[in-house]
Amino acid sequence: MEDKILLGHGSGGKLMNELIHGLIKETFGSDSLQLDDSAILSLDGMDEKKLAFTTDSYTITPVFFPGGNIGELAVNGTVNDLAVMGAKPMYISSAFILEEGLPVSDLKKIMVSMKTAADYAGVKIVTGDTKVVEKGKADKIFINTSGIGILESGVQRRDIEAGDLIVINGTIGDHGISVMAERNGLSFSKGLVSDCAPLNHLIGAVMHACPEGIKFMRDATRGGAASVLNEVVQNSPFSARLMESDLPIREEVHGVCDILGIDPLYAANEGKVIMIVKKSDGEKILEIMRDITEGKEAAIIGKITSRYPGKVYVETAVGGKRMLALLIEEQLPRIC
Amino acid sequence: MEITMKKDELVNEFSKKLKNLQLERKINIMEVCGTHTVQFFHTGVKDIFPGKLNLVDGPGCPVCVTTNDYLDRAVEIARKHKVTVCTFGDMMRVPSSYSSLQKEKAEGIDVVIVYSPLDALTIARDNPDREVVFLSVGFETTIPTEAITAKKAKDENIKNFSLLAGNKVTPPAVAALLESEEVNIDGFILPGHVSAITGVKGWRFISETYKKASVIAGFSTKDLLMGTLVLINLIQKNETKILNEYAEVVTEQGNVKAQEIMDEVFEPCDANWRGIGIIPGSGMKLRDTYADFDAEKKFPVTLPPVVEPKGCRCGEVLRGIITPLECPLFGKTCTPRNPVGACMVSTEGSCAAYYKYSS
């Protein structure tokens, strides 16, 4: 790997994979380290129910973005990392690194959002930490949250097979693209907001109705829907086929993406889960999702095939195909 | 808010037509612009081309045709004069002779990604103690904004802002390709956004001087299908016209205001295109009246000898002589992870597009 850490090492693409599977795994040891969204742990004296444990750090510019702020992002993100394992999120921590000079009113706003988000998700903020660094040593505020959840019905990971359906609980790319548009003052993106939301209620409802229906799920954050699907099929005999005409993508998202030369399938989401589900449960899961606030625009966007093993591809409106490879790093806007 | 479902009757009709086209002979069409290169892959239109239709990628990727010495200069200026370099995102990972902006940033030079040169000017205005240099790369689509920015800097007397001019215009490059006769192109798909600035008139030489057919097209699936079908029709009828299939945006005269501001700030010069060579009149340099905003003059540096990567056949790719797949480095030593040439880095580069969409 490189001699120095590059920004790309944190962007959810190949560079980050190399860092995780190289340095981090080698140093911490792969016998203890679990590389899924949460670690699944069992403590002495516990019954069947197991613990899920996860941690995540949050940094975003701007701190207040259309449709949310870093605080609710930090709560929902950790709730979602627990929920996609099939765990019921219970407790979270909140550690702040604050830049000298941050207005207390901003901090308060962020904390109120965290409290509201935690209440809505049904988790308790039980511990935390605060550090302040000199002006210029941090970008306003960094938040780390860790979370603990209980696995009441086991880890939601089952073998996928050709014919399984790919489901998403709503529109693709809203968070990443709205933040990018805000950063760049693209005025025509007005009305486009982040999809930041907790997924535990939605996932809980699906698990309850179809206990064996979910084969895999992951929240499509950094790297977007395309990266999640690449993780699902890479090194497997299966491929993931998306139907372009079935992808729920807002007109405004298309607009910003066209201008910046960015593919919404690689843009971050903060309230979207991609599920690989049993074919026979597909329609039922869709119905359940659409009854819940976080799943109103849920859609079946494709299926698992065996046509191009290990690959993700889109069947386009003209009947052609394009491959969706794992990106090296974050997409950068183009010149013209 | 409306959710797009890209189902369009016309798209269905056109794609059927294209798929079922019976061509009597092999037809080579060139898409001049990198955005078209990517869109042909992205929409899957290239995937449904009939057997004898061949799409040749043109030189229209501004990052790809920027020579190493330009980036070497940017790096040297940043190192020696401790300036803040502002750049469009796609320049970050392009290899210079010895490094890249991304690697240099990790080493400590100050590089900021901006989306518009006006953002760079804002940084200069807000930080009067910092020298800000904007890497002014791009074709007709970006030159007017760069010109406006330079003019604004001059009008507002912002002394800590300058441009490193590396801009190019596209029609001379197409003329150079036609002149060289290295590749046999039957017709051209011309870029809608560049044409919005140059006007149809900027491309008339293709039919008048070189007797070739061309079509100005937009970038949607429908635009690509229609542009391709119309161009094939012209070629089959041996008609060497230029047709404007993007009339809602492109006029005969083009954007006169944009042309005027470009002309006020920049003047044509000969420019070196990476892999192609010097093309007369294809560059844009700052006029003497803007010398104070010319980073090349303001920040003198001694450049290290330019090193071109060994074995890299970007030049032939850019001239349409080979496809990226024919370069021995493609996918082996040259990948998006470790790019040897700029064509593998830029979102608009042919090599990157071939790699991304075919692997």
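Note: hydrogens, waters and symmetry copies are ignored here, and every other heavy atom, side chains too, is used. Residue numbers begin at 1 in each chain, while the letters A, B, ... track the order of the sequences.
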Report task. Applying side chain to side chain contact (heavy atoms under 4.5 Å, CB included), run through A/Leu324 and B/Lys356 and close with a yes or a no. Result -> CA-CA 7 Å; A/Leu324 287 176; B/Lys356 180 174 170 196; 5.8 Å; no
Which atom names give the shortest non-hydrogen contact between [X] and [Y], and what distance separates them?
{"X": "A/Val318", "Y": "B/Val45", "answer": "CG2-N, 3.9 Å"}
{"X": "B/Thr43", "Y": "A/Thr316", "answer": "O-OG1, 2.6 Å"}
{"X": "A/Met180", "Y": "B/Tyr115", "answer": "CG-OH, 4.0 Å"}

Above 12 or not: heavy atoms from other molecules or residues under 6.0 Å from [atom1] of [X]?
{"X": "B/Lys16", "atom1": "NZ", "value": "no"}
{"X": "B/Glu248", "atom1": "CD", "value": "yes"}
{"X": "B/Lys17", "atom1": "NZ", "value": "no"}
{"X": "B/Asn338", "atom1": "CG", "value": "yes"}

Are [X] and [Y] side-chain neighbours, meaning at least one heavy-atom pair lies under 4.5 Å?
{"X": "A/Lys4", "Y": "B/Glu107", "result": "yes"}
{"X": "A/Arg322", "Y": "B/Asp47", "result": "no"}
{"X": "B/Lys105", "Y": "A/Leu6", "result": "no"}

Query - Under 4.5 Å from any heavy atom of chain A - which part of B/Lys46 - result: neither
Query raised in the report: So which part of B/Leu18 gets closer than 4.5 Å to some heavy atom of chain A, the side chain, the backbone, both or neither?
Result: neither
Report summary line: Between the CG atom in A/Asp263 and the OG1 atom in B/Thr347, the distance rounded to the nearest 0.5 Å is 11.5 Å
Report summary line: Turns out that what part of A/Leu326 lies under 4.5 Å from chain B's heavy atoms comes down to neither
Query raised in the report: Heavy-atom distance under 4.5 Å to chain B: side chain of A/Glu315, backbone, both or neither?
Result: neither
Query raised in the report: Between B/Gly44, B/Ser220, B/Ala106, B/Ser116, which has the largest tally of heavy atom pairs under 4.5 Å with chain A?
Result: B/Gly44
Query - Option in B/Pro336, B/Ser346, B/Cys61 with maximal non-hydrogen atom pairs under 4.5 Å from chain A - result: B/Pro336
